[in-house]
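Quantities reported herein were computed from a predicted structural model and do not represent experimental measurements.
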Amino acid sequence: MAYARVGQWLSLLVCLLILLKAESHPVELTLVQSAVAKGAVCLDGSPPAYHFDKGFGAGINNWLVHIEGGGWCKDVESCVERTKNFRGSSKQMEKTISFSGVLGKKQTMNPDFYNWNRIKVRYCDGSSFTGDVEAVDPATNLHFRGGRVFRAIIDDLLAKGMINAKNALLSGCSAGGLASILQCDNFRSLLPAGTNVKCLADAGYFINAKTITGSQQIEAFYSQVVALHGSAKHLPASCTSRLRPGLCFFPQNVVPQLRTPIFLVNAAYDSWQIKNILAPSIADPKGTWKSCKSGIKNCSPAQIRTMQDYRLEFLNVLNGGLTNSPSHGAFIDSCYAHCQIGTQETWMAADSPVVSKTTIAKAVGDWYYNRSPSKKIDCPYPCNPTCKNKEFDSN
């Protein structure tokens, strides 16, 4: 009986691995060696990098540039720590990664972008591609050059054919989603005037909210990131001309002035924001929120009420930045999640999250191709049974 059960589990595992292989495919790493001479390098001085899967058929002149996420570093110590892994050094990056979701190449799983040129830009600067400090301290060898890295990578892609783009989409997840907002108009300016350029931010709409104790933790954190990396010169001038640079790291102060069409994908109960903006450990020294942050089903009624208030604040801030113009789109589900367009199960699958009977993939495609206005705002938790709610180790 035991052997039979093991055999069943092995068969199930094999089937799962076959399914996963079918839904994603490996893409090799490309190092942008020419960027080094321009000082456009990762935190440790190594060349920036991306993964490039070439377009085909009708999509050969369409380009999707997707920026990897991975947080930020606000001081020398945390930036030095990043140089020890792929978040700060291309020397530590995998030689191949799998593409799926919005980067997938199967028509049935990514019908609107499957045959585009699809690029995943690796994130190794710690500033959402905004930093630009010339000086390098020999004691740490830290290079704060994220803004230069973005330009060098786009220049490299233009030379590889993006200069002929008919359609282009700059997307990103988390810190990469923030980068797709901050660099949106800049990306538009670097492409030919006749190109249909739009931007897509996944889990990148971080709001300037207070913690459960009322402190401005995230505002102070972003101000430190911007100051350390010298980000001001690469933040949108439409914001820095009105506000101090640290506040221009918040999408709510940037999106209203964007000239380029943009679509926002976000969970109303974004797990990163709940864990790091609303209830960071520094605001919860007794760990009252620890279990709740590991999974929304563990939250007490009082904690759920606090999160419902956060959702309302998030939606108010979001709606303040978006207009009713078809150039603006949104998909805001009531899930406890973070980053949903790069994974097949949340991008487009039989059981993907839906809002108004629409998957994220369809909502984004309808908006990009102007098939229909697409602004989907979900009802409050726990109304949506299709959510893929995140669960984390609480230890």
Run the salt bridge (charged side-chain N to carboxylate O under 4.0 Å, His left out) test on Asp156 and Lys160 for me, step by step, so that the C-alpha distance in whole Å, both residues' side-chain angles and the decisive distance to 0.1 Å come before the verdict. CA-CA 6 Å; Asp156 198 61; Lys160 289 182 175 177; 3.4 Å; yes

Can you tell me how far apart CD (Gln183) and OG (Ser189) are? Round to the nearest 0.5 Å. 9.0 Å

Is it true that, when you exclude Leu243 itself, more than 12 heavy atoms of the residues, nucleotides or ligands shown sit nearer than 6.0 Å to its CG? yes

Working for side-chain hydrogen bond (donor to acceptor under 3.5 Å, both in side chains), residues Ser356 and Thr358: CA-CA 5 Å; Ser356 301; Thr358 304; 5.9 Å; no

Just wondering, more than 12 heavy atoms not from Glu28 lying within 6.0 Å of its CD? no

CD1/Ile119 to OG1/Thr30 distance, rounded to the nearest 0.5 angstrom? 9.5 Å

Taking atom types as modelled, find out whether Arg87 and Gln92 have a side-chain donor-acceptor pair closer than 3.5 angstrom. no

Starting from the C-alpha separation in whole Å, work towards a yes-or-no answer on salt bridge (charged side-chain N to carboxylate O under 4.0 Å, His left out) for Asp333 and Lys376. CA-CA 8 Å; Asp333 56 33; Lys376 312 290 185 185; over 6 Å; no

Determine whether Ile296 and Leu315 fall in the same hydrophobic cluster, where Ile, Leu, Val, Met, Phe, Trp and Tyr are linked whenever their side-chain heavy atoms lie under 4.5 Å apart. yes

Hydrophobic clustering (ILVMFWY, side-chain heavy atoms < 4.5 Å, transitive) - are Val354 and Phe331 grouped together? no

Considering residues, nucleotides and ligands other than Lys54, do more than 12 of their heavy atoms fall under 6.0 Å from its NZ? no

Derivation and outcome, ring-ring contact (aromatic ring centres under 6.0 Å, His included), residues Trp116 and Phe56: CA-CA 7 Å; Trp116 287 33; Phe56 55 93; over 10 Å; no

So with a 6.0 Å cut-off around NZ of Lys297, is the heavy-atom count from everything else above 12? no

Given Phe206, which partner from the list Phe249, Phe221, Trp272 fulfils the ring-ring contact (aromatic ring centres under 6.0 Å, His included) test? Trp272

Distance-only donor-acceptor hits, side chain of residues 131-141, under 3.5 Å, sequence neighbours excluded:
| unit_1 | atom_1 | unit_2 | atom_2 | d |
| --- | --- | --- | --- | --- |
| Asp132 | OD1 | Arg148 | NE | 2.8 |
| Asp132 | OD1 | Arg148 | NH2 | 3.1 |
| Asp132 | OD2 | His234 | NE2 | 2.9 |
| Glu134 | OE1 | Arg148 | NH2 | 2.5 |
| Asp137 | OD1 | Ala139 | N | 2.9 |
| Thr140 | OG1 | Asp137 | O | 3.4 |
| Thr140 | OG1 | Leu142 | N | 3.4 |
| Asn141 | ND2 | Asp44 | O | 3.3 |

Between Arg118 and His66, do the side chains contain an N or O donor and an N or O acceptor separated by less than 3.5 Å? no

Looking at Tyr123, is Arg82 sitting on its ring face, NZ or CZ under 6.0 Å from the six-membered ring centre and within 45 degrees of the normal? yes

Would you compute the distance between atom CD1 of Ile207 and atom CG of Asn316 and round it to the nearest 0.5 angstrom? 9.0 Å

Quick check, are the ring centers of Phe250 and Tyr222 under 6.0 angstrom apart? yes

Measuring centre to centre across the rings, with the benzene-like ring taken for any Trp, is Tyr114 within less than 6.0 Å of Trp347? no

Flag if over 12 foreign heavy atoms under 6.0 Å of NZ, Lys375: yes

More than 12 heavy atoms of other residues, nucleotides or ligands under 6.0 Å from NZ of Lys166: yes or no? no

With a 6.0 Å cut-off (strictly less than), is the heavy-atom count around CZ of Arg259, excluding the residue itself, greater than 12? no

